[in-house]
Amino acid sequence: MTIYEADWVCPASSGPCANGAVAVENGRIAAVGTDLQLPGPRIRFSGCAIIPGFVNAHAHLELTILRGFLEDIDFIKWIRTVTASKKERLTREDLLLSARLGIAESLAAGVTCVGEVMDAGVSWQAMRELGLQGVAYQELFGPADIHVEESLKGLAGKIEALRTQETETQRLGVSPHAPFTVAPRLFRAVKDYAKKERLPVTVHIAESAEEDLYVRLGAGPFADRNRERNFEVEVAGCSPVQHLENCGMLDADTLLIHVIRIEDKDLQVLRRTGAAVVHCPKSNAKLGHGVARVVEMCDAGVRLSLGTDSVASNNVVDMFEEMREAIFMQRAHTGKHNALGAHGAFRIATLGGAECLGLEKRLGSLEAGKRADFVVVDLNDPAIQPVYDPVQAMVYSACRKNVRATYLGGEEIRIDAGPWMKQAGEIARKLVAAP
Ligand SMILES: [Zn+2]
């Protein structure tokens, strides 16, 4: 057993404790508290806080290579460039390198668990190689009824090929992309498949004005694009969230991504169905999509988590920044000085994320029996000192650079991303040179 001591231990499942310790044995947390009288070597992190690894509940690690490639362009062009890059310009090897780089960035920033939406499917390999925990959701598309069978067959094949590699905390899921790329019949079929296979589901919903137009009126650029390709556009005539409910998509095993454009009635739908939400404040703001009604979702009892989305729309994996932005935007939006709060944001960035991914029994907080996935945050920084409340200090003042060490299953993880960065530079040059 090894005992890790710090000025503060912030378990997320309970309040911070001063001069605390975390005892680790065989990759799991054996005990948490002050004055632990246990045998074994002691490692002291002076002036630091030990926290659970962050749970980034929405990412696209395969797109790390597109950081900086899509700046200041409209959403339609943004999506088209992402799609063209993935399908026509980047090889599987490129995307694997991209995912590895994203994982190196995430671990260095204290993220130990993700809700990863993968298209090529190579993030799963990178997660297994580097030990990042979480759910890898296989994405699928199929905007018209003619795509349903083929799309579903493709999905089942990909999932089957990987299922034997699952562990308790590296899980697979499925992700039908969004209403303008997934026909209603495909939504229903995927959810049926997911229920049968006991797979969690995640879906982008209520993100943009263009998507809202598509669902409510069958109009706008996404509808035009689908009609150009001779795909029938079904008019749902309701909000995107209600559209998903009508497609049988909403229950406690579905995690909704973004959820910005919602009506009052949608809050009731979320509450009634138990669907969870991953809030991506920086991505939502950067792409000009708006501010989600997070305070109202909290008040309605909706399960919430925090996600960065891909670095193509973020651009940095920094959960401190994400927590801060979530709070600041809610306050700017509602005029309430106490909207969300530091402790609330810290909880959704850790245990709340684990709950939304269905992994809360095994990770997300510092509690005996859980995986020893924890992070040492160095508070010895003039920008953070003095510290009155460590959670408030981290949420309002810290950044990814204050992460001193990241532990996965009780082992400190250090990755030399130098060679990958060099390769990423070469791939970026190829992308820029492409017609
Ligand atoms: Zn996304």
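It should be emphasised that the depicted structure is a prediction, and the values quoted were computed from it without experimental measurement.
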**Report entry** Short N-O contact, E105 and R67, less than 4.0 angstrom
**Finding:** yes
Report task. Determine whether the side chains of E139 and S175 contain a donor N or O and an acceptor N or O closer than 3.5 Å. Result -> no
Query - Pair D309, H258: side-chain N/O donor-acceptor within cut-off below 3.5 Å - result: yes
Requested in this report: State plainly whether the residues K191 and D253 are in salt-bridge range, i.e. N to O under 4.0 Å.
Outcome: no
Query raised in the report: Is there a donor in the side chain of T308 and an acceptor in the side chain of N56, or the other way round, less than 3.5 Å apart?
Result: yes
Report task. If a pair satisfies ring-ring contact (aromatic ring centres under 6.0 Å, His included) and one of its residues is in residues 333-386, list it, with sequence neighbours excluded. Result -> Y4-F374, F374-Y407
Report task. Flag the pair K86 and E62 as a salt bridge only when some basic side-chain nitrogen lies within less than 4.0 angstrom of an acidic carboxylate oxygen. Result -> no
Report task. Run the salt-bridge test on E367 and K370 with the 4.0 Å N-O cut-off and return the result as yes or no. Result -> yes
Query raised in the report: For E93, does the CD atom sit with more than 12 other heavy atoms under 6.0 Å from it, leaving out its own atoms?
Result: no
Report task. Test R293 against D264 for salt bridge (charged side-chain N to carboxylate O under 4.0 Å, His left out), laying out the working first. Result -> CA-CA 10 Å; R293 294 164 65 179; D264 292 346; 2.6 Å; yes
Requested in this report: Would you mind reporting whether Q165 and W124 have side-chain heavy atoms less than 4.5 Å apart?
Outcome: yes
Query raised in the report: How about F75 and H289: are their ring centroids closer than 6.0 Å?
Result: yes
Query raised in the report: How long is the gap from CE on M319 to CD on E325, to the nearest 0.5 Å?
Result: 13.0 Å
Requested in this report: Determine, for R28 against E168, whether the closest basic-nitrogen to carboxylate-oxygen distance falls under 4.0 angstrom.
Outcome: yes
Report task. Inspect the contact between K286 and E71 and indicate whether a charged nitrogen and a carboxylate oxygen are less than 4.0 angstrom apart. Result -> yes
Report task. Establish, from distance only, whether the side-chain atoms of D35 and Q37 form a donor-acceptor pair under 3.5 Å. Result -> yes
**Report entry** R272/D251 ion pair, N-O < 4.0 Å
**Finding:** no
Query raised in the report: Do K265 and S239 have a side chain donor and acceptor closer than 3.5 Å?
Result: no
Query - Distance-only donor-acceptor check, side chains E263 and Q242, under 3.5 Å - result: yes
Query raised in the report: Would a line drawn from the ring center of H204 to the ring center of H58 be shorter than 6.0 Å?
Result: yes
Query - Under 3.5 Å: donor-acceptor pair, side chain of N380, backbone of S46 - result: yes
**Report entry** Flag side-chain contact, heavy atom, 4.5 Å: M249 against P176
**Finding:** yes
Query raised in the report: Would you call R324 and E322 a salt bridge, using N to O less than 4.0 angstrom?
Result: no
Query raised in the report: Does L199 reach the side chain of Y193, with side-chain heavy atoms less than 4.5 Å apart?
Result: yes
Query raised in the report: Using 4.0 Å as the upper bound for N to carboxylate O, is an ion pair formed by E355 and R303?
Result: no
Query raised in the report: From L186 CG over to H147 NE2, what is the distance, rounded to the nearest 0.5 angstrom?
Result: 10.0 Å
Query raised in the report: Looking at Y137, F141, F222, which one forms a ring pair (Phe, Tyr, Trp, His ring centres under 6.0 Å) with H177?
Result: F141
**Report entry** salt bridge (charged side-chain N to carboxylate O under 4.0 Å, His left out) partner of D119, the single match among K158, R92, K87
**Finding:** K87
**Report entry** Test log, rule side-chain contact (heavy atoms from CB on, under 4.5 Å), inputs V375 and V377
**Finding:** CA-CA 6 Å; V375 170; V377 183; 4.0 Å; yes
Query raised in the report: Hey, is the main chain of C280 close enough, under 3.5 Å, to the side chain of N284 for a donor-acceptor pair?
Result: yes
**Report entry** Polar contact flag, side-chain donor to acceptor under 3.5 angstrom, T169-Q133
**Finding:** yes
Requested in this report: May I ask you to test the L107-L408 pair for a side-chain heavy-atom distance under 4.5 Å?
Outcome: yes
Query raised in the report: Would one find more than 12 heavy atoms of other residues, nucleotides or ligands at under 6.0 Å from atom CD of E129?
Result: yes
